[in-house]
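Each chain gets a letter, A, B and so on, in the order its sequence line appears, and its residues count up from 1.
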There are 2 protein chains.
Amino acid sequence: MSTSTGAVAIEKQMVPENEVQQVELLTGVEDLHGGITLDMNKAMDSEAFASSLRASISPWKQQGKRAVWIKVPTELVNLVEPAVKEGFRYHHAEPDYLMLVNWISNSTNTLPQNASHRVGIGAFVVNDKREVLVVQERNGIFKGTGVWKFPTGVVNEGEDIYMAAIREVKEETGIDTEFVEILAFRQSHKSFFTKSDLFFVCMLRPHSFDIQKQDIEIAAAQWMSLEDYAAQAFIQKHSVFSSVAQVCITKLEKDYAGFSPVPTTTSSGKTSYLYFNSGDLNQL
Amino acid sequence: MSTSTGAVAIEKQMVPENEVQQVELLTGVEDLHGGITLDMNKAMDSEAFASSLRASISPWKQQGKRAVWIKVPTELVNLVEPAVKEGFRYHHAEPDYLMLVNWISNSTNTLPQNASHRVGIGAFVVNDKREVLVVQERNGIFKGTGVWKFPTGVVNEGEDIYMAAIREVKEETGIDTEFVEILAFRQSHKSFFTKSDLFFVCMLRPHSFDIQKQDIEIAAAQWMSLEDYAAQAFIQKHSVFSSVAQVCITKLEKDYAGFSPVPTTTSSGKTSYLYFNSGDLNQL
């Protein structure tokens, strides 16, 4: 697969002059997995691109390249059709670009899978009076139902789960918090198109108490007794909500150990958070 | 967003006959979020498609539609460029199709975000002799390093994490297992392109012991003492690995509570697994 590390620029090459027609070979960036990435950033005629792509693949095969990636920004959309016609398939897309890929090797295809899950958080923010921070949303499935729910939100690409929980609570309610633990998580499927969803229930300790709600998404916000929250008919009716409420009540009344984030170093030298039951680990 | 539930087919319509040129309006499927999805499945001329798309958007706006989705299979790639030129942007792509979307409403854009995470599992399979099931892989970062590692794999879209762990162990080593708990998980960033990664360390109990390794991915597989596994220089060197090994040792020697999967019912009536510390919950 393509990575930004270990990138090596390849010199622009021309095919020998004795060829009937000179076709400009494309230049790309190599990665450590036998891949080469073309980051298209200049306008190019569709037919010229098709010819260049066809002419470039043969030497790449000879060099033992296994995969060719083409990143096409939205404004160069005319290059998508010729790439598909040369055997490329979609790998993933974001609003501003489409990534195509072609496995050109005879070896087993080891292309990385596309992202499969969206990740969200729900924030259990509880004060010393056993009051929990709850909101009513302007949109979504809870709109107009009168159900008071935990603040929730989507974890962004590149964002740590615990940081997303702190951010979402601040954005929706203005409350400053400290992260405590992940108490539970839920995996659900086909939550949008074919994709799955992971939703982490995070406990946070409030450091401020004066609610300043965000008006665009949030219709109302308040502190509510945990018992009143859990007693809502909607919460009692659906076991995913009643189970989470039970976990939260247990956390306040008994010893319930969730998972805490601990920074660790990976084999590539990066810092990644490992979440585990640190209370039980520290028995040793 | 577009969902398959609540879909309503819209009748094909023609603009009035007194128009100078008859342009066929496109037909789509409505969803419950004010969206309409065009599932392109017949070959169409690019220019005719552009005209039809342009003519169709105006009535959709009048009907209060908020988003128009276009699903373009690879073989109809010629429709991508006209859609982009009409203001559509990429939402996501899979090998066989590209999904474009256009937010046509003046209200706040509430389009669902694209999937942001890939999800993987590592399997801690330990027998009654404190031996752990380990493998050496033919490819990847551990290739040729001699490092013995837990079986690992990618969780597919629509697949439950605990089922993925059972499946991967069976595929790589032939060992039948029963799922015990999630002991820890790690979140890492920019693991492929801009996407993040969640990796769940799963404990499983073996029900069979005779290893039948899968030859394509796995160079070697064996049962190894947990102490020998943890003592490997590579494991000791990187704190993400040594921490996981410590969690596994604690699990065998002391009371370490991880998260267990419990089926729950969501508000849409689906079954979703909630993972939590069920031992601590059952104190109540």
Enter the distance from A:Asn277:CG to B:Lys251:NZ here, rounded to the nearest 0.5 Å. 9.0 Å
Need one label for B:Leu198: side chain, backbone, both or neither, based on atoms under 4.5 Å from any heavy atom in chain A. side chain
If one checks every heavy atom of B:Glu217 against chain A at 4.5 Å, the contacting part turns out to be neither
A quick test of your reading: do over 12 heavy atoms of other residues, nucleotides or ligands sit less than 6.0 Å from CE of A:Met44? yes
Tell me, with the steps shown, if B:Val77 and A:Tyr90 meet side-chain contact (heavy atoms from CB on, under 4.5 Å). CA-CA 11 Å; B:Val77 62; A:Tyr90 309 134; 3.5 Å; yes
What residue, out of A:Phe234, A:Tyr97, A:Phe88, has the most heavy-atom pairs lying under 4.5 Å from chain B? A:Tyr97
Check the angle between the aromatic planes of A:Phe185 and B:Phe259 and answer parallel, tilted or perpendicular using the 30° and 60° thresholds. tilted
With a 4.5 angstrom heavy-atom cut-off, is it the side chain or the backbone of B:Phe199 that approaches chain A, or both, or neither? neither
Considering only heavy atoms, which portion of B:Leu183 lies under 4.5 Å from any heavy atom of chain A: side chain, backbone, both, or neither? backbone
Verdict with reasoning, A:Gln187 to B:Val155, per side-chain contact (heavy atoms from CB on, under 4.5 Å): CA-CA 11 Å; A:Gln187 187 189 26; B:Val155 178; 4.1 Å; yes
Run B:Glu94 and A:Lys195 through salt bridge (charged side-chain N to carboxylate O under 4.0 Å, His left out) and show every step you take. CA-CA 11 Å; B:Glu94 297 296 328; A:Lys195 301 293 181 179; 2.6 Å; yes
Region of B:Val101 that comes under 4.5 Å of a non-hydrogen atom in chain A: neither
Heavy-atom proximity to chain A below 4.5 Å, by part of B:Tyr162: neither
Rounded at 0.5 Å granularity, tell me how far CG in B:Leu274 sits from OG in A:Ser239. 8.5 Å
Answer whether the closest heavy-atom distance between the side chains of B:Tyr275 and A:Phe200 falls below 4.5 Å. no
So what's closer than 4.5 Å to chain B heavy atoms on A:Ile182: side chain, backbone, both or neither? both
Partner chain B: residue of A:Arg186, A:Gln113, A:His117 with the largest heavy-atom pair count (under 4.5 Å): A:His117
Could you walk me through whether A:Leu98 and B:Leu98 pass the side-chain contact (heavy atoms from CB on, under 4.5 Å) check? CA-CA 9 Å; A:Leu98 173 63; B:Leu98 173 63; 3.7 Å; yes
Look at the side chain of A:Ser116 and the backbone N and O of B:Asn156, then say whether any donor-acceptor pair between them is shorter than 3.5 Å. no
A:Asp280 side, atom CG; B:Asp255 side, atom CG - distance, nearest 0.5 Å: 7.0 Å
Gap separating the CG atom of A:Leu76 from the CD atom of B:Glu81, nearest 0.5 angstrom: 10.0 Å
Interchain contact, A:Val119 with chain B, by part (heavy-atom threshold 4.5 Å): both
Look at A:Ile161, A:Val201, A:Val80, A:Val244 and state which one has the largest set of heavy-atom pairs under 4.5 Å with chain B. A:Ile161
Just give me the residue among A:Ser272, A:Gly269, A:Ser188 that pairs up with chain B most often, heavy atom to heavy atom, under 4.5 Å. A:Ser272
Neighbour count above 12 (heavy atom, 6.0 Å) for A:Asn106 CG: no
Is the shortest heavy-atom distance from the side chain of A:Ile216 to the side chain of B:Thr108 under 4.5 Å? yes
Mind ranking A:Ser196, A:Pro261, A:Ser242 by heavy-atom pairs under 4.5 Å with chain B and telling me who comes out on top? A:Ser196
Within a reach of under 6.0 Å around NZ of B:Lys143, are more than 12 heavy atoms found that belong to other residues, nucleotides or ligands? no
Contact class of A:Val147 relative to chain B, heavy atoms under 4.5 angstrom: neither
Let me know if B:Val247 has heavy atoms under 4.5 Å from chain A in its side chain, its backbone, both or neither. both
Out of A:Lys190, A:Glu157, A:Lys237, A:Arg89, which one racks up the most heavy-atom pairs below 4.5 Å with chain B? A:Glu157
Contact class of B:Ser267 relative to chain A, heavy atoms under 4.5 angstrom: both
Quick one: do A:Thr266 and B:His238 satisfy side-chain contact (heavy atoms from CB on, under 4.5 Å)? Show the steps, please. CA-CA 6 Å; A:Thr266 68; B:His238 305 291; over 6 Å; no
Option in B:Gly158, B:Ser268, B:Ala184 with maximal non-hydrogen atom pairs under 4.5 Å from chain A: B:Gly158
Please check if any side-chain donor atom of B:His92 sits under 3.5 Å from a side-chain acceptor atom of A:Asn114, or the reverse. no
Could you check if a side-chain atom of A:Asp160 sits within less than 4.5 angstrom of a side-chain atom of B:His189, using non-hydrogen atoms only? yes
